[in-house]
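Structure, as structure tokens:
The figures here come from the full heavy-atom set of this structure, side chains too, leaving out hydrogens, waters and symmetry mates. Values in this document were obtained by computation on a predicted structure and should not be read as measured data.
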Number of protein chains: 2
Amino acid sequence: MAARMTRQRTAVVEALDELADFRSAQQLHETLRARGESVGLATVYRALQALAEASEVDVLRAEDGESLYRRCARREHHHHLVCRHCGRTVEIDGPTVEAWASKVAAAQGFDDIEHTIELWGTCADCRASAATK
Amino acid sequence: MAARMTRQRTAVVEALDELADFRSAQQLHETLRARGESVGLATVYRALQALAEASEVDVLRAEDGESLYRRCARREHHHHLVCRHCGRTVEIDGPTVEAWASKVAAAQGFDDIEHTIELWGTCADCRASAATK
DNA sequence: CGGCCTTTGACAACCGTTCTCAACAAGCGT
DNA sequence: ACGCTTGTTGAGAACGGTTGTCAAAGGCCG
């Protein structure tokens, strides 16, 4: 139960802190390998899972179903505008949207409401480099 | 290129029409088998894929990553309130939300914007049967 | 330092989905 | 109705992300 601070966990957290954008577990694993920090893939998955449970990282699903992780600045509930090419992320919140969501759901007799509100797009940088093809 | 109307495709469409709720490809496959309509799993996947491309069905991802399909009443853009236990679905639209989403994204210099707005909950029926455990 | 007990890592197992490819059948022309 | 052409089917293999297994490694508390 006690969360031990191991070299591997520290490495995962550090990598997330530096990256700042949404990354897949495999990308993270690759990054760690590249910088010499040898960490097993399964361990990366477990670390991310634990962090997500503790709300230390946000998780969202890419369009192809892969899970992406990010260490967000704010721990409160919020949403994201994510570049589908490079993972670049902007945190956003929509107080209006929150209210709207729970009102609609309640009106239909639904409980335990959760909502998924994510915005995907192509950021300015990726649009520029795509033009240079 | 021409879309041929085969027994299998017809069966998939019919099953979707009757079900009315979001179902996974495997559930659909199981349903068809159960009613004697022998259809290969791969074929179900292909049929759903084709229907999705033609905007004949809506696709969304369950929390565990599985794809769910549904034949919606309206073909225009809309969102869903889905019971995470039985797939029961209510179509909803949020004109305010749409506007908000594209405005926010544009303000950050993002292009090709797409948004995912889905509501998950437990419907009244499932809540009731859960109480009977 | 010693030992308990969590964590690790290589690899196998899983599971949803897609691919392969020979057999099959829609739909068209005759 | 009869071929023919060509898209479609289906069983099984392949795939890719993720999770499980289990012996070895190593935090952490006394």
[Y] reachable from [X] in the ILVMFWY side-chain graph, under 4.5 Å edges:
X       : Y        : value
A:Val97 : A:Ile92  : yes
A:Val90 : B:Ile117 : yes
A:Val59 : A:Leu19  : yes
B:Leu51 : B:Val39  : yes

Is there a side-chain contact between [X] and the phosphate of [N], meaning an N or O under 4.0 Å from OP1 or OP2?
X       : N      : value
A:Tyr45 : D:dT18 : yes
A:Arg9  : C:dT8  : yes
B:Thr6  : C:dA26 : no
B:Gln49 : C:dT18 : yes
B:Gln8  : D:dG10 : yes

Measure [atom1]/[X] against [atom2]/[N] and give the value in whole Å, please.
X       : N      : atom1 : atom2 : value
A:His29 : C:dC11 : NE2   : P     : 12 Å
B:Arg7  : C:dA25 : CZ    : P     : 9 Å
A:Arg23 : D:dG17 : CZ    : P     : 16 Å
B:Gln27 : C:dC15 : CD    : P     : 15 Å
A:Arg61 : C:dT17 : CZ    : C1'   : 14 Å
B:Met5  : C:dC28 : CE    : C1'   : 17 Å
A:Tyr69 : D:dT18 : OH    : C1'   : 8 Å
A:Leu68 : D:dG17 : CG    : C1'   : 12 Å

Of the nucleotides [options], which has the atom closest to the [X] side chain?
X       : options                : value
A:Leu41 : D:dT18, C:dT17, C:dG9  : D:dT18
A:Ala25 : C:dT17, D:dT18, D:dG10 : D:dT18
A:Ala42 : C:dC11, C:dC19, C:dT17 : C:dC11
A:Arg4  : D:dT18, C:dG27, D:dG27 : D:dG27

**OP:** Using a 4.0 Å heavy-atom cut-off across all strands, classify A:Arg46 as base, sugar-phosphate, or nothing.
**Re:**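 Touches a base.
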**OP:** Would you classify B:Ser24 as touching base, sugar-phosphate or nothing, given that sugar-phosphate means primed atoms plus P, OP1 and OP2, and contacts are heavy atoms under 4.0 Å?
**Re:**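 Here B:Ser24 touches no strand at all.
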Original post:
Can you check whether B:Ala73's main-chain N or O pairs, donor with acceptor, with B:Glu91's side chain at less than 3.5 Å?
Top reply: yes
